[in-house]
Peer 1: 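I have a structure here, written as C-alpha cells, and I will follow up with some questions on it.
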Number of protein chains: 2
Amino acid sequence: MTACAGTPRHADATVAVAVDVVPLALYEGRLHAGLVRVERGDERSRFAFPGGRVRENESLDAAAARWLAGHLPDSGVHVEQLYTFGEPGRDPASRVVSVAYLALLSRAIAAPGVEWLPCATLPRLAYDHRTIARVALDRLRAKLAYTNLAWALLDRTFTLADLQQVYETVLGRALDRRNFRKRVLALGLLSPLGATRHGAHRPAQLFRFTTRRPITVGVLSERE
Amino acid sequence: MTACAGTPRHADATVAVAVDVVPLALYEGRLHAGLVRVERGDERSRFAFPGGRVRENESLDAAAARWLAGHLPDSGVHVEQLYTFGEPGRDPASRVVSVAYLALLSRAIAAPGVEWLPCATLPRLAYDHRTIARVALDRLRAKLAYTNLAWALLDRTFTLADLQQVYETVLGRALDRRNFRKRVLALGLLSPLGATRHGAHRPAQLFRFTTRRPITVGVLSERE
DNA sequence: GCAAAAGTGTTAGTGATACACCCATGA
DNA sequence: TCATGGGTGTATCACTAACACTTTTGC
C-alpha cells in the first residue's frame, strides 16, 4: 500500500500488529476495567488488557472482537477503535504496534481469568497499558457528553436515576436531577416502557433507548 | 505485548505496518489535499496520500513526519493521528495495516510530485484512500468547532476575515461576521499585533494566536 | 466620491442553571 | 407514619442569533 515514491525498503517485516481491548463497565457505582494477567515475558503476572496478534485474514475490528470474546462472554457490547500505540520500546521483547479498542459493557461480567478493577485506582499495568487506560477513559468521558453512548453501559431497560448515575460516575461529578431529566427527555432518545421498577421506595419509571446505534447529540451542556 | 492468554500463534508476521498522511491546506478559498501518484502495482498512477512502511526503530509519529517531509518541505505543520485502517483486502497486493495521520499546513506548498487537489472533488484514489480522506475531513470539521486548531491552517499572523474564512471553507457555510468576531475575541486566544494589513480597501487589523498548542474550547456554538 | 471591505451594538429569544416542594411506596 | 428516593415547575441568567449602519482606505 501507499505511494512509495522511490524510497528504499528498510527492515520492514519485523513490526507486529496486535489489538488491545479496554473493557469498561460500571460496578458498584464505580467504573471498572477488565484486566487479565500477562502469562509470559518480563511483564509476567502484571495486569494488562486482553489482546494479541491480528491474524492475516482478519480485520482489526474482528481481531478486537475475537480477543474480547476470548475473555468475556458476548453481551451486547459496544466496541470502537481508540488509538494506535507504536512506540518502539513499548514492548521490551519485540516491536509491536497495537491498535487499542474501547469496549463498553452493560455489566462487569465475571469470567475466568478476568479481574475487574476500579479505574480510579488501577495498579501498575504491563507495557504502556496505563496510557491506554487513560486514553480510553478520556474518550469515554468525551463521548458521553455528545453522544447517546450511555446505552452501552446500561441494561436494555433502566430508570432515569440509572442513566444519571452513568453520567455521574463517568464524569465524576454530581448533576442536578431535575435539569438532567429535562435535558435527557427533551432529546427524545428515550421511550418510556410504561412499566416501573419496584425497589425500596417509590417505584421508578422504566425507559429504553429508542435507538441503540451511536448518535451524535448534545447530551450535556459544557458547563454543568 | 498483550496478555496472550494461552492462545496459539497463527500466521502472524506477514502483516505490514505503514502510515499514510493526509496533508490539508487552504488554497484559493477551498480546502485542498496533497496527493502523490502511486508508482507501482495495480494501483499505479492513481492518486494516493503520501506514506509508506514504518521502520523498525521508529515511532508511528516519526514515520508520519518522515513520509510527510519526504514530499513536502516542513513548514510548521500540525500532525495528529487519525485512525487505523486494516481491512484485509485494502491493499490487493499484501496485508497492510495503515495508521492514517492528519497534517494541517498553513499553505498548499508546491513540491515536486505533489498535486494539491480540491477536497470537494477528489478523483478516484488508490486503495481505500477515499475513505481515509473522508475521515480526515470529518475530523477536521469536528475539531475546528471545539479547539483552536485553526491556527494550523493560517499563517502566523492573520486578519479576522482570514480566520473566518478558514471556518467558512472547512465547514462549508457562511458565518455572521459580527457574531464570529465577538465569539472568537471573547475566547481570549488571539493577540492583536497593532499592525494592519493593507489591501484594496480599508486595512485590517492583524492578530496571532496567543498559543499555537492545541487547546479545547467551544469556538463555535452547535447551531450557528 | 465611490466601491469595497473593516469594524461596531442592540435586541429578542432560547436554553442553562439554580432551586423547593409534593408524591408514592416499603418498612 | 416515616424515611427514602421518584417526580415536577419556575425565575433568573447567559449566551446565541439576527440584524444595519458607520468607517477607512484605494482607486
Side-chain angles (χ1 to χ4, degrees), chain A residues 26 28-29 144-146 148 150 154-155 157-169 171-208 216-224, chain B residues 26 28-29 144-146 148 150 154-155 157-169 171-208 216-224:
Chain A
L26 293 179
E28 291 182 344
L144 270 197
Y146 66 89
N148 66 341
L154 287 167
D155 284 325
T157 72
F158 50 87
T159 67
L160 288 181
D162 294 336
L163 180 60
Q164 183 170 350
Q165 219 209 2
V166 170
Y167 279 88
E168 292 189 335
T169 301
L171 301 179
R173 63 202 159 97
L175 300 171
D176 183 273
R177 188 161 39 95
R178 296 156 289 197
N179 294 333
F180 181 81
R181 298 167 77 91
K182 255 181 296 185
R183 241 197 323 264
V184 90
L185 289 176
L187 288 173
L189 302 177
L190 302 184
S191 309
L193 295 189
T196 53
R197 175 194 294 168
H198 289 254
H201 300 291
R202 174 173 177 174
Q205 220 180 141
L206 283 169
F207 292 85
R208 63 180 173 78
T216 299
V217 268
V219 180
L220 289 184
S221 74
E222 288 175 27
R223 278 177 297 282
E224 194 195 32
Chain B
L26 293 178
E28 291 182 346
L144 271 197
Y146 66 92
N148 66 342
L154 288 166
D155 284 325
T157 72
F158 51 87
T159 67
L160 288 182
D162 294 337
L163 180 60
Q164 182 170 350
Q165 220 210 2
V166 170
Y167 279 87
E168 293 189 335
T169 301
L171 301 180
R173 61 204 160 98
L175 299 172
D176 183 274
R177 189 160 40 95
R178 295 156 290 194
N179 294 334
F180 181 82
R181 297 164 80 90
K182 256 181 293 184
R183 239 197 325 263
V184 88
L185 289 175
L187 287 173
L189 302 177
L190 303 183
S191 309
L193 295 188
T196 53
R197 174 196 295 168
H198 289 253
H201 301 289
R202 175 173 177 175
Q205 221 179 139
L206 283 169
F207 292 85
R208 62 179 173 80
T216 298
V217 269
V219 179
L220 288 185
S221 74
E222 287 175 27
R223 276 177 299 284
E224 197 196 35

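Please read all numbers here as calculations on a predicted model, not as lab measurements. Letters go in sequence order (proteins before strands), and every chain restarts at 1.
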Peer 1: Please confirm whether any donor atom in the side chain of B/Arg183 sits under 3.5 Å from an acceptor in the base of D/dA17, or the reverse.
Peer 2: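 For B/Arg183, whose side chain was compared with the base of D/dA17, there is no donor-acceptor pair (under 3.5 Å).
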Peer 1: Roughly, in whole Å, what's the span from CZ in B/Phe207 to P in C/dA6?
Peer 2: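 Checked: the CZ to P distance equals 12 Å.
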Peer 1: Any idea which of C/dA24, D/dA17, D/dG26 is nearest the B/Asn179 side chain?
Peer 2: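 That would be D/dA17.
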Peer 1: 5'-most contact on DNA chain C: B/His201 or B/Gln205, nearest heavy atom basis?
Peer 2: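 Of the two residues, B/His201 wins.
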Peer 1: State, yes or no, whether a side-chain contact exists between B/Gln164 and B/Leu175 at a heavy-atom distance under 4.5 Å.
Peer 2: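 Side-chain contact under 4.5 Å: yes.
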Peer 1: Please name the residue in the list A/Leu193, A/Leu160, A/Asp155, A/Asp162 that meets the side chain to side chain contact (heavy atoms under 4.5 Å, CB included) test with A/Leu206.
Peer 2: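 Of all the options given, the one that passes is A/Leu193.
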Peer 1: Rounded to the nearest 0.5 Å, how far apart are OG1 of A/Thr196 and CD of A/Gln205?
Peer 2: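 If I round to the nearest 0.5 Å, the distance is 8.5 Å.
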Peer 1: Quick one: pull up CG in B/Asn148 and CG in B/Leu189 and give me the separation to the nearest 0.5 Å.
Peer 2: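 These two atoms lie 6.0 Å from each other.
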Peer 1: For B/Asp176 and C/dA6, give me the distance from atom CG to atom P, rounded to whole Å.
Peer 2: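 Spelled out: CG on B/Asp176 to P on C/dA6 is 14 Å.
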Peer 1: Separation of A/Arg197 atom CZ from D/dG7 atom P, in whole Å?
Peer 2: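 Distance, rounded to whole Å: 11 Å.
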Peer 1: Measuring from the side chain of B/Arg178 (C-beta onward, heavy atoms only), which nucleotide among D/dA20, C/dT25, D/dT8 has the closest atom?
Peer 2: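 When the side chain of B/Arg178 is considered, D/dA20 is the closest of D/dA20, C/dT25, D/dT8.
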Peer 1: B/His198 NE2 to C/dA5 P: how many Å, rounded?
Peer 2: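 Going from B/His198 (NE2) to C/dA5 (P), I get 17 Å.
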Peer 1: Between B/Gln164 (CD) and C/dG7 (C1'), how many Å, whole number?
Peer 2: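 Taking atom C1' of C/dG7 as the reference, CD of B/Gln164 is at 12 Å.
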Peer 1: Report yes if a donor N or O on one partner sits less than 3.5 Å from an acceptor N or O on the other, where the partners are the side chain of B/Arg181 and the base of C/dA6; otherwise report no.
Peer 2: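 No, no donor-acceptor pair under 3.5 Å.
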Peer 1: Ignoring hydrogens and geometry beyond distance, is the side chain of B/Arg202 in donor-acceptor contact with the base of C/dA5 at under 3.5 Å?
Peer 2: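 Donor-acceptor pair under 3.5 Å: no.
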Peer 1: Looking only at N and O atoms, is any donor in the side chain of A/Lys182 or the base of C/dT14 less than 3.5 Å from an acceptor on the other one?
Peer 2: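 Donor-acceptor pair under 3.5 Å: no.
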Peer 1: Could you tell me the separation between the CZ atom of B/Arg177 and the C1' atom of C/dT10, rounded to a whole number of Å?
Peer 2: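 The answer, rounded to whole Å, is 16 Å.
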Peer 1: Flag the pair B/Phe158 / B/Phe207 as yes when their ring centroid distance falls below 6.0 Å, and as no otherwise.
Peer 2: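 No, the ring centres sit 6.0 Å or more apart.
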Peer 1: Measure the distance from CG on A/Leu160 to P on D/dG6 and round it to the nearest whole Å.
Peer 2: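 Nearest whole value for this atom pair: 9 Å.
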Peer 1: Measure CG/A/Leu175 against P/D/dG7 and give the value in whole Å, please.
Peer 2: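 Distance, rounded to whole Å: 17 Å.
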